[in-house]
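This report refers to the structure that appears directly beneath it.
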Amino acid sequence: MTEIPPYDDSGLLKILVASEHARADALFRKDVRALESLLAPDYYEINLFGRFKREDILTRILPLFTLHSFSIDDPHVQRTGDDIAVITYRCTEDATLGRNKKNGSFPVAARYTLIGNLWKISRWEIVAVPGA
């Protein structure tokens with residue numbers, strides 16, 4: 001039996017961290033095209049304000065959303081298949097949606113799907129942890 005070598009995830013981690021920063025940058029700038037280019041067609045997001053499909057984020061949420069600050073701490077990546085990877089990290093975020101403001105340090109998990117030769121975000125989730 002041939003043993004399958006483990007994935008070398010160091011390069012993938014750099015790619016996905018860069019993509020997470022690009023996502024935050026698109027949100028800072030309210031750049032629909034930039035954000036759209038990062039998202040898979042089946043993108044789904046659970047954030048501090050609710051649950052949203054790709055089109056909701058691009059058309060309804062982005063115009064009302066202001067990202068004041070965002071940072072990534074302690075990122076980790078795990079390949080779950082040839083075309084699926086999950087990055088997890090702790091983010092410190094300050095954001096406003098309409099009149100609702102949220103800030104703090106929160107765990108994030110983002111699932112990426114390899115489409116062609118590009119890693120696209122297919123699910124993004126940030127969780128408010130009670131008491132944290």
Side-chain angles (χ1 to χ4, degrees):
M1 184 163 125
T2 305
E3 188 173 321
I4 299 171
Y7 290 112
D8 175 12
D9 291 332
S10 60
L12 180 58
L13 180 62
K14 289 178 186 175
I15 290 168
L16 300 188
V17 167
S19 182
E20 289 295 295
H21 282 294
R23 177 190 167 279
D25 183 61
L27 293 171
F28 276 121
R29 296 182 294 115
K30 297 184 183 277
D31 187 334
V32 173
R33 283 185 178 211
L35 185 58
E36 187 175 38
S37 73
L38 299 168
L39 308 182
D42 64 345
Y43 179 80
Y44 188 79
E45 181 171 321
I46 299 170
N47 64 36
L48 301 171
F49 302 101
R51 301 163 195 249
F52 306 99
K53 294 179 182 179
R54 183 181 198 268
E55 288 308 309
D56 293 330
I57 293 293
L58 296 171
T59 61
R60 292 187 318 112
I61 301 304
L62 189 57
L64 302 173
F65 184 79
T66 302
L67 185 59
H68 306 286
S69 66
F70 180 87
S71 67
I72 293 175
D73 297 303
D74 196 26
H76 298 277
V77 68
Q78 181 175 2
R79 293 281 292 256
T80 58
D82 290 336
D83 61 350
I84 302 288
V86 176
I87 183 172
T88 57
Y89 57 91
R90 189 137 196 97
C91 102
T92 302
E93 179 177 272
D94 184 3
T96 306
L97 179 63
R99 295 181 181 190
N100 298 317
K101 187 169 182 162
K102 304 280 184 178
N103 60 44
S105 181
F106 310 101
V108 171
R111 183 180 69 206
Y112 279 76
T113 303
L114 187 60
I115 300 175
N117 63 351
L118 298 173
W119 287 98
K120 301 277 187 164
I121 311 166
S122 52
R123 182 178 175 114
W124 195 87
E125 184 172 347
I126 186 170
V127 180
V129 179

Going by salt bridge (Lys or Arg N to Asp or Glu O under 4.0 Å), name the pairs with one or both residues in residues 24-34, residues two or more places apart or in two chains. Asp25-Arg29, Arg29-Asp31
Pairs meeting criterion salt bridge (Lys or Arg N to Asp or Glu O under 4.0 Å) with involvement of residues 102-128, two or more places apart: Arg123-Glu125
Using the salt bridge (Lys or Arg N to Asp or Glu O under 4.0 Å) rule, collect all pairs that involve residues 56-76, keeping only residues at least two apart or in two chains. Asp56-Arg60
Sequence neighbours excluded, every pair satisfying side-chain hydrogen bond (donor to acceptor under 3.5 Å, both in side chains) that has a member inside residues 35-44: Tyr43-Glu45
Just do the side chain to side chain contact (heavy atoms under 4.5 Å, CB included) check on Ile15 and Trp119 with the steps written out, would you? CA-CA 8 Å; Ile15 290 168; Trp119 287 98; 4.1 Å; yes
Smallest heavy-atom separation, Ser19 atom then Tyr112 atom, equals OG-OH, 3.1 Å
Relative to each other, are the rings of Tyr89 and Phe70 parallel, tilted or perpendicular (30° and 60° limits)? perpendicular
What's the shortest heavy-atom distance between Thr88 and Ala109, and which atoms? CG2-CB, 4.0 Å
All salt bridge (charged side-chain N to carboxylate O under 4.0 Å, His left out) counterparts of Lys53, not counting sequence neighbours: none
Residue pair Asn47 / Ile57: nearest heavy atoms and the distance that separates them: ND2-CD1, 4.4 Å
Between Leu38 and Ala22, what is the shortest heavy-atom contact and its length? CD1-C, 3.6 Å
Any side-chain heavy-atom pair from Ile126 and Pro107 closer than 4.5 angstrom? no
Scan residues 61-70 for pairs that pass side-chain hydrogen bond (donor to acceptor under 3.5 Å, both in side chains), counting only residues two or more places apart or in two chains. His68-Thr96
Side-chain heavy atoms under 4.5 Å apart, restricted to Ile/Leu/Val/Met/Phe/Trp/Tyr: what other residues fall into the cluster of Ile115, or is it alone? none
How many angstroms lie between atom CG of Leu97 and atom CG of Leu62, to the nearest 0.5 angstrom? 10.5 Å
